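Report on the following structure.
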There are 2 protein chains.
Amino acid sequence: MVQFVHPARDDITLAGVLAALADPMRLRIVRSLLQEGDCLSCTAAAPCPDIPKSTLSNHFRVLRDAGLIQTTKKGVEHRNVVREADINARFPGLLKAILKHADA
Amino acid sequence: MVQFVHPARDDITLAGVLAALADPMRLRIVRSLLQEGDCLSCTAAAPCPDIPKSTLSNHFRVLRDAGLIQTTKKGVEHRNVVREADINARFPGLLKAILKHADA
DNA sequence: TTCAATAGTCCCATATTTCCGAACTATTGA
DNA sequence: TCAATAGTTCGGAAATATGGGACTATTGAA
């Protein structure tokens, strides 16, 4: 049984998306989620290993609150997915335009 | 003689641009600058008349620091221009993609 | 079972950032 | 010279972000 950690918010706002992605760490999280299989645990998607987990958890919460990711719980770890379809439906082309310029 | 209020910063960053435009008020300022002649004074570009001027000044400083606008001084007022060419050169398509979804 | 390990969340104190009133500066026009 | 206008700057209060530590949930092993 798939269990949502938090209900996916359905009112994705432009300001929310921009603010969420304005943070370099969160932008990298989204990039790695999209690149490497799209369904990573929080620690697996973390940009660096030495980041405090409470800080990391905060960043994931911001991404969830902005409607950028959806988190499900599977066993002991949380699986994160970028809500690409929802974002593209709401703001066509935006995510792609931003990620295009995120440094590799 | 044209006088730049602050030197235009030449290292426009993605995070800077996103953070600057993540604020609804600043996004509206940029929109009105682009729409209505592109060369407005600070108060003319303000989204609402009752905003404190120190707050407004802060927003313009953030936009300048992000490299989004260039401010010149002409007489008693400051003229603001969106640095469209510079932004498009640095991040092609980004500004347009964001502004496309800014509510009218 | 019970116990340890793992993955995150939650709480809260500190640090940083933003907001805005008030004082200040620069320019113009009377 | 004086008043008015347009912004900036300063500084304290309000809001937000950071991260350490305690807590929860799940799994796997003894």
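In what follows, chains are A, B, ... by sequence order, proteins preceding strands, each numbered from 1. Owing to the predicted nature of the structure, the values given are computational and were not obtained by experimental measurement.
- Here the shortest heavy-atom pairing between Leu99(A) and Leu27(A) reads CD2-CD1, 4.0 Å.
- Remark: DNA chain C takes part in the stems C:1-30 with D:1-30, each of 3 or more antiparallel Watson-Crick or G-U pairs, criterion distances under 3.5 Å.
- Here the side chain of His78(A) is nearest to one of dT26(D), dT9(C), dA26(C), namely dT9(C).
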Report all interatomic pairs (protein N or O, nucleotide N or O of nucleotides 28-30 of chain C) with separations under 3.5 Å.
none

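- Counting heavy atoms from C-beta outward, Arg90(A) and Asp11(A) have side chains that stay 4.5 Å or more apart.
- Looking at His78(A), its side chain never comes within 3.5 Å of a backbone N or O of Lys74(A) through a donor-acceptor pair.
- For the pair Asn80(A)/Leu63(A), no side-chain contact is recorded, criterion being any heavy-atom separation below 4.5 Å from C-beta on.
- Residues Val82(A) and Leu95(A) have side chains in contact (heavy-atom distance under 4.5 Å, counting atoms from C-beta outward).
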Under 3.5 Å between N/O atoms: give me all the protein pairs with nucleotides 15-22 of chain D, atom names plus distance.
{"from": "dG19(D)", "atom 1": "OP2", "to": "Thr55(A)", "atom 2": "OG1", "distance (Å)": "3.1"}
{"from": "dG19(D)", "atom 1": "N7", "to": "Ser54(A)", "atom 2": "OG", "distance (Å)": "3.4"}
{"from": "dG20(D)", "atom 1": "N7", "to": "Ser54(A)", "atom 2": "OG", "distance (Å)": "2.9"}
{"from": "dG20(D)", "atom 1": "O6", "to": "Ser54(A)", "atom 2": "OG", "distance (Å)": "3.3"}

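- Between the CZ atom of Arg79(A) and the C1' atom of dT26(D) there is a distance of 14 Å, rounded to whole Å.
- Counting only heavy atoms from C-beta outward, the side chains of Arg83(A) and Ile69(A) never approach each other to under 4.5 Å.
- Between Ser41(B) and dG7(D) there is a side-chain polar atom (N or O) within less than 4.0 angstrom of OP1 or OP2.
- Checked by atom type, the side-chain pair Arg64(A)/Thr71(A) shows a donor-acceptor distance below 3.5 Å.
- Side-chain contact between Arg26(B) and Val62(B): present, with at least one pair of heavy atoms (C-beta onward) separated by less than 4.5 Å.
- Contact annotation: Arg64(B) does not reach the phosphate of dG7(D) (side-chain N/O to OP1 or OP2, under 4.0 Å).
- Separation of atoms CZ (Phe91(A)) and OG1 (Thr13(A)) is listed at 6.5 Å; rounding is to 0.5 Å.
- At a threshold of 4.5 Å between non-hydrogen side-chain atoms, the residues Ile87(A) and Leu94(A) do not count as touching.
- Within the model, atoms NE2 of His59(A) and CZ of Arg28(A) stand 10.5 Å from one another, a figure rounded to the nearest 0.5 Å.
- Look at CG on Leu56(B): it is 11 Å from P on dC19(C), rounded to the nearest Å.
- Straight-line distance from the CD atom of Glu77(A) to the C1' atom of dT27(D): 11 Å, rounded to whole Å.
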